[in-house]
Structure formats: C-alpha cells, structure tokens
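Heads up: the structure comes next, in structure tokens.
Values in this document were obtained by computation on a predicted structure and should not be read as measured data.
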2 protein chains.
Amino acid sequence: MPWWASVSSALSYEGSSGVVSGRQSGRPTLEQVAARAGVGRGTVSRVINGSPRVSERTRTAVDRAVAELGYVPNQAARALAGSRTDAIALVIPEAEARLFAEPYFLDLMRGVGAELAEADKQLLLTLVRSERERRRFEQYLAAQRVDGVLLASVHGDDPLPDRVRDLGLPVVMNGRRTEAEPVPYVDSDNIGAGRAAVAHLAGRGRSRVATVTGPLDMYVARARLGGYRAGLAEAGLPPDEALVEAGDFTEEGGRRAMRLLLDRRPDLDAVFAASDVMAAGARGVLREAGRRVPEDVALVGVDDSPVARLMDPPLTSVRQPIEEMGRSMARMLLQDIARAPEEPRRHVLPTELVVRASS
Amino acid sequence: MPWWASVSSALSYEGSSGVVSGRQSGRPTLEQVAARAGVGRGTVSRVINGSPRVSERTRTAVDRAVAELGYVPNQAARALAGSRTDAIALVIPEAEARLFAEPYFLDLMRGVGAELAEADKQLLLTLVRSERERRRFEQYLAAQRVDGVLLASVHGDDPLPDRVRDLGLPVVMNGRRTEAEPVPYVDSDNIGAGRAAVAHLAGRGRSRVATVTGPLDMYVARARLGGYRAGLAEAGLPPDEALVEAGDFTEEGGRRAMRLLLDRRPDLDAVFAASDVMAAGARGVLREAGRRVPEDVALVGVDDSPVARLMDPPLTSVRQPIEEMGRSMARMLLQDIARAPEEPRRHVLPTELVVRASS
DNA sequence: CCAAGGCATGGGAGCGCTCCCACACTAGTC
DNA sequence: GACTAGTGTGGGAGCGCTCCCATGCCTTGG
C-alpha cells in the first residue's frame, strides 16, 4: 500500500479545472504542505514516508494539508536527494521476444508488474535488439535510473548479468545460463517438465519416444533434454540417440527436426517437443507423412500456450507458471534492493502437465 | 543519436574494477568534469547538451574529460533541474492484454520501444488491471515521472485519455473511442480491413457472407462491421442482418456467435470473423457441424497472428501494421512533447489481406 | 526539585543538474 | 577611437526532496 493511496481522492475532488490552475501555479511542494499544516518540512517528509516518530495530531494535520492541496511528491527530487529511483528495469532480448512470441513475455511482465505495483515501484521495459543497444542500456544503468534489473531469457554467453553486477546493481534473471549459475535467478523445473512428458507418454504405452530439443547452447534446452532422458530411464525405456534431434524453438526448426527423426526412426510412436511452436511444426510434418496424431504418433509440447489449445488436435503440453515466475523475480529483486543478499539466491518453480487430445 | 553515445567506451575501458572504485568515491559529477577540463560548469552542460554556443577547442577538452572520467549525467538531477524526465509511459489495460494476447502488444511495444530508443527516451510500461490501479497511475503522472503517455486499446467509455490531458500531459492513443475522437490517435484502417475481407470472399464466388463482430461498444468492432457492410454493397450482395452476430474477441465468443449464425442461416458459405481468435472458435463449431473449411464455408480473420498460421487450415487474415503503429504513436507523441500540437492529430495506417488456405 | 534521557520537531545542508544573467573579449561600424 | 553587437564563458540561484543535527519539551528517577 503506497503511503499516498489514501489521498488519491484529492485530484478527483478538484476536477480538471483545479488541476489546471494547479499547473499554472506549479504543483504544490513539500514546503507548501508544511506551511499549510503549520509544521516544518522535515515533519511533512516524515509523515509522507511513514516514519513512526510523528505524533498522531501532527500526522492528521499533515494528511489533511496533503489532501487539500492534492500534493504528490516529485519523483525526481526524491531520487536526487535520496538516491533511489523506485524503478526497476526489465530487459527482454529482442530476438527471444520474437521467438517465444506467444504470451510468454506478456505473462512474465504481468507477474513482475503486479508485484512491483504492490511495492509502489515502477516497471521500466527495455527491449534490447543489438549490441549497440546493449551498450546504451549499460549507460542507462550507469545514469542511476533504476534500483535493480530483471533479465529475461539470458543466453549462455550473455555478459550482461555480470556487467550489471559490476555496476553494483541488484539483478535477478529468468532462467539460468548454466547448472551452477552464480547470479540470482528464478527458473521453472525444466528437468521435471521433460520427465513428466515422457512419463505420460510411456504411461500411454508408447515405447519409441523421440524428442525435438531446443538449441543446446541454452540451458533450458539441455535441462528439458535431461528430463527426457531421465524419464526414459525411469520408464525402463532404452535411450536411443537416433531419437534425439535439436530444433531451435521455431516452427521451421520443429519441421526440420521432425523430418530427420522420421527418416531415422520411421517406427517412432511419440514425440516430446521442447516447445509448443516446435510441436506445431512437427505436427505438420507428421500429417504430411500420413501419421495420425495421436493414433500413430503421440505429441507433447511445452509452454501450454494458446497455440496448444487451438491446435488440431489440441496439444498436450507442460505448463510453466510464467506469471508466478515474474512475481518471484520481482520479490527476490526487491529483497536484494532492501538489503544486500547474504547468499546467492535461486528459486525453481514446478511445472504441470496439461493433457489434451494429442497424446 | 544520444549525445553520450560517443563516450560510451569509457565504462568499458575501466572494466569492472574501475567502475567499482568509481562507485565508492561516487560517480563523477558535472563539477568534476568541469574541473578536469579546466572550464566552468555551465560550459560542460552546454557541451553535454549539444549547444552550438561552444568553441571547438573547449568542446574537445570537455569531451576528453568526460571520456576519462567515464562521466554519465545523473538522470534525477536533470529531471529535477530541467523538469523533463525523458521517459514515456505506455499503458496497457490488463483485460485487453489477456484477450488480444497474441503478440499484439508485444509488437506494439517493439515499435514504440524502437522509436523511443532512437530519441533516447525511456519506455515505462504500466499494466492497469483495476480501477484502483488506474487511480494509482494517475498519481504517477501527477508525480511528474513521465513526459507523455501512450494509451493502448482504449474502450469507448474510458476516462483515462481525458484525465491525462487534464493533467496537461501529451497523450497519443492506439485506436480511437469514436469516429470523431478528440484525442490524438494512431489507428489502422479497420473499415478497409472489413471491405478487403468481404471483397476477397465475394471474389471467390461466395454470396452468403456472415460476420462475427467484436463487442459493439468498441469502435474497432463497429468499424470492421462497417467495412463488412460496405464490402457487401460494393460486391452487389444484399445486406442481411441475420448474417451478423456479435462476439467479444474471445474464442468462446466466436463459438457462440458461429452457432447462432448456423442456426439462422444454415446456407451461409463464408464467414468474416473480426479477429483470428474468434475465427478459431468459429472453425471449431463449423467442424463440429460437419462443414468443411474452405470447401463449404470460407473463413477470414483479422490480425494475422501466429494462431492464424498454425490453424488447420491456415487462416486467411487481414494484417495490421502493429509495429508501425507503435512507431507512429511514439513519433507523434515526441512531436507533441517538443511543441504543443497546432491541431488534433491522427494517423490511420492501411491493412493488408494475407490469403491462406481457409478461403 | 533538578538532572538525564527520550521524543517530536524545525530547518540547514546538500543531492547534481539546468537556466540565465553577467562578464569578458572580439569584431565590426560610423 | 569610441560605440555597438555579437560570441563564448563562468557561476549564482534555484529545482524539491532527504538526511541529520540541534532544539525544546515532557517524562522519569534519585
């Protein structure tokens, strides 16, 4: 609850004309509120910031003056004097935004936004689309415009997380670059996702389960593949490298991988695609090859995106708690901002299999 | 091109240790740059801001000092002294974000972000999900945190655009609330979209073309419906209100509308759905009713979203230049910030029909 | 009854910039 | 040889806050 939520009616009372006149005379300042309430500047500041060292009488008087004047503290002045901006940057690499498309980033933003709004912090969105823009963004951070940084979809060789840390800014990533990630992160259980998918397919009696992986330079792709292998082992199915083919999270990549898999193992009876979009590509190839889904080949994807629901047949998919990841990231970052973290922090959220007609 | 792009190497040269030491001694200030360059504060400020009133010699000296110290101006101080924040708010109503889902808002953000980055402005994203948050956002604006506001997906009765104007802030909307919208906006040619879709269907020999509209309290829905009617007239087809049914831009709404249409006019041979998602719902109902797409009933949507590509059969759809709308909005807003606009401004971008197998 | 401590309070001193006025200094003009 | 009209430059005066120290008052205890 922001301290000024309680006075939010002031502007409304005044209506547009009041605001306009307020504009020409300049917005009210702390000083004016102090004068009106008959107290000093410091006292108003204390009330504004919820300090306990204020008497009840005084607090009431100040609150009334604030409401009467429609006072809202000037953010720039606060930032300058207090050296905190109450703003958080969320960085999304352009390339990924295009790829994952789907509501992934929107859901993430929704979670981050909700959590930040509660803490009365502002969300600053940055789409980074080139090396040049990455450098520009670093300048941004140096200009002390944000209190902390959230990074989405970081690649294995991305230097940005470390650069941000070097600047002394708290940072939390979505996903990790390697198994042993030194930077705080929030991830979903990608290994569990692969295991759940394979367990499901094996449970349906499938024994020749192929997989279309993501690009293997991304941890998320390796983790899902690892889960796939663990799932096979747990189901007592023999591993077979001919049943593994790398995609790149695009529909076309899914098509390509599916063609190779069919060539090598025409007898495969199930496919675990590491994303819904690749599953869509795979389905196209399967259909062209005359295989029925799910009768001949069962299909499972990951993301549980709208695409999965609308596919024909509707796609069984592993859902990630995307919005919750966003919330978790924001919470973690806010804690790190409040006080430097004692230890590297991480949070891995569970995934959930959503069964539909494709398997 | 930001004025400090040319000195962006400074931080890099120093490496992490340099930055860290810079942190404990505090970041360099204008004053320190001035001292180092042997000039006054005002002069450095002039160089920084690209004023022409500086000799070449002085400019060079200052530039070098800036580079040597790795100076980056403090944003809060600039905002306080200069009363401009170099930040723009993009407001997205939560309900719509969920609905349109798809990459609509992501594309819009991409366009806005690209244009703002060029102007060295920062993008502030706000998802507004309740009346309470809307009020909070108004407080935000009052705190003078942004120089202008972009509003996406505004409803017919939304008071926010006028409230923002009352606060004296420049604002540009995406879409409009009515035909005669007083607030500056950027929209796509929704009437043209409807006409193009119907013209296409008529050209394919269809004569009983139905439409599933959006919610008719939204201008965008009325405009597409208007285009549909104009298209019928232009093709010499008789209007028939029994062929018109309102949806709500959701898949379920599309299903419901399609069922009603089939009940009323079992002989319809084409459907223009005002969104891809509704088209997906309609396709489901058509299939359940034993109608083949496109043989029995041709189907056209709007948005050209990934869903359209992945549908079965792939959906013919009218594409909007979403990213370009975002760019246009940003440009318009930046102009209005630079100098108050002489006249209400608007910009309507053309749409384009993408023909696929469903029609 | 007075000292010591605690609490609420006022206000000075910045935070790092932009704005703008004043001051050279140069160059042109009658 | 003044007198204007520029040009480049320095630096004072804020912008509206937060931080913190000093002040005065009210308690409490010896």
Separation of [X] atom [atom1] from [N] atom [atom2], in whole Å?
| X | N | atom1 | atom2 | answer |
| --- | --- | --- | --- | --- |
| A:Gln75 | D:dC17 | CD | C1' | 10 Å |
| A:Asn49 | D:dC20 | CG | P | 13 Å |
| A:Arg84 | D:dC19 | CZ | C1' | 12 Å |
| B:Arg53 | C:dC19 | CZ | P | 15 Å |
| B:Arg27 | C:dG16 | CZ | C1' | 14 Å |
| A:Leu69 | D:dG16 | CG | C1' | 15 Å |
| A:Glu56 | C:dT9 | CD | C1' | 16 Å |
| B:Gln144 | D:dC15 | CD | C1' | 10 Å |

Should [X] and [Y] count as an ion pair when the cut-off is N to O under 4.0 Å?
| X | Y | result |
| --- | --- | --- |
| A:Arg36 | A:Glu68 | yes |
| A:Arg177 | A:Asp157 | no |
| B:Asp147 | B:Arg84 | no |
| A:Glu131 | A:Arg134 | yes |

Any side-chain N or O of [X] less than 4.0 Å from the OP1 or OP2 oxygen of [N]?
| X | N | answer |
| --- | --- | --- |
| A:Ser55 | C:dA8 | no |
| B:Asn74 | C:dC15 | no |
| B:Ser45 | C:dT18 | yes |
| A:Arg41 | C:dG10 | no |

Assign each of B:Arg57 and B:Leu80 the nucleotide of DNA chain D bearing its closest heavy atom; nearer the 5' end lies the nucleotide of B:Arg57
Of B:Ala77 and B:Val44, the one whose closest DNA chain D nucleotide lies more 5':
B:Val44
Tell me whether the side-chain N or O atoms of B:Arg59 pair up with the base of D:dG8 as donor and acceptor below 3.5 Å, since no angle test is needed here.
no
Go through the N and O atoms of the side chain of B:Arg46 and the base of D:dG10, and report whether any donor-acceptor pair is under 3.5 Å.
yes
Among C:dA8, C:dG16, C:dC20, find the nucleotide with the atom closest to the side chain of A:Thr58.
C:dA8
Between C:dC17, C:dT9, D:dT18, spot the one nearest the side chain of B:Pro73, thanks.
C:dC17
Is there a donor in the side chain of A:Asn49 and an acceptor in the side chain of A:Arg78, or the other way round, less than 3.5 Å apart?
yes
